[in-house]
Amino acid sequence: MSDWIDFDRWKECPQMQRPGYVFEIRNGQGRSILTECDVTLQLPPGWASAPVQFRLVQAPAPRRSTPIPKPHS
């Protein structure tokens with residue numbers, strides 16, 4: 001993980017992105033989201049305060065679902 005960066009520098013995210021990594025964005029309430037670099041970031045509807053910091057973190061491993069059971073005959 002990298003150090004937290006002031007959100008004023010978010011427009012620089014295209015130069016910071018790397019394969020296998022995403023950005024963690026934290027707002028003033030301490031809530032965070034993971035996202036790809038998108039300079040026109042759309043915030044979640046439940047966020048009452050603006051983003052204040054971001055950092056580059058390793059992308060989480062994909063979650064696998066369990067197979068769908070076969071139908072009963």
Side-chain angles (χ1 to χ4, degrees):
M1 277 192 259
S2 63
D3 294 330
W4 289 103
I5 302 168
D6 189 61
F7 197 75
D8 291 343
R9 294 184 56 198
W10 179 245
K11 62 184 174 279
E12 300 172 26
C13 74
Q15 293 88 356
M16 297 177 192
Q17 63 188 354
R18 295 182 6 206
Y21 287 80
V22 294
F23 291 95
E24 180 180 8
I25 298 175
R26 185 165 58 183
N27 71 4
Q29 296 171 309
R31 297 176 74 183
S32 65
I33 59 169
L34 297 178
T35 185
E36 299 287 331
C37 174
D38 182 359
V39 177
T40 61
L41 179 67
Q42 297 294 315
L43 298 175
W47 276 31
S49 66
V52 293
Q53 297 176 315
F54 70 98
R55 65 181 175 178
L56 193 64
V57 297
Q58 191 167 10
R63 294 187 332 182
R64 308 271 186 227
S65 62
T66 56
I68 297 174
K70 294 183 179 184
H72 295 284
S73 302

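Since we're looking at a predicted model, the values are computed, not measured.
The two atoms that bring Met16 and Ile5 nearest to each other are SD-CD1, 3.9 Å, heavy atoms only. Nearest approach of Asp6 to Val52, heavy atoms of both residues: OD1-O, 3.6 Å. Between Gly28 and Ser49, the closest heavy-atom pair is N-OG, 3.2 Å.
Atom CD of Gln42 has 12 or fewer neighbouring heavy atoms from other residues, nucleotides or ligands inside a 6.0 Å radius.
Residue pairs meeting the disulfide bond (SG atoms under 2.5 Å apart) criterion with at least one member in residues 19-67, sequence neighbours excluded: Cys13-Cys37. The side-chain hydrogen bond (donor to acceptor under 3.5 Å, both in side chains) analysis of residues 31-40, with sequence neighbours excluded, yields the pairs Glu24-Ser32, Asp38-Thr40. Pairs passing the salt bridge (charged side-chain N to carboxylate O under 4.0 Å, His left out) check and including a residue from residues 8-23, sequence neighbours excluded, read Arg9-Glu12.
By the criterion of side-chain heavy atoms lying less than 4.5 angstrom apart, applied directly or through intervening Ile, Leu, Val, Met, Phe, Trp or Tyr residues, Trp47 is grouped together with Phe23 in one hydrophobic cluster.
Atom-to-atom distance recorded for Trp4:CH2 and Ile25:CD1 is 9.0 Å, nearest 0.5 angstrom.
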Output side-chain donor-acceptor pairs under 3.5 Å for residues 60-72, partner residues at least two apart or in another chain, one line each.
none

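In this structure, Gln53 and Phe7 have side chains that are not in contact, with every pair of non-hydrogen atoms separated by 4.5 Å or more.
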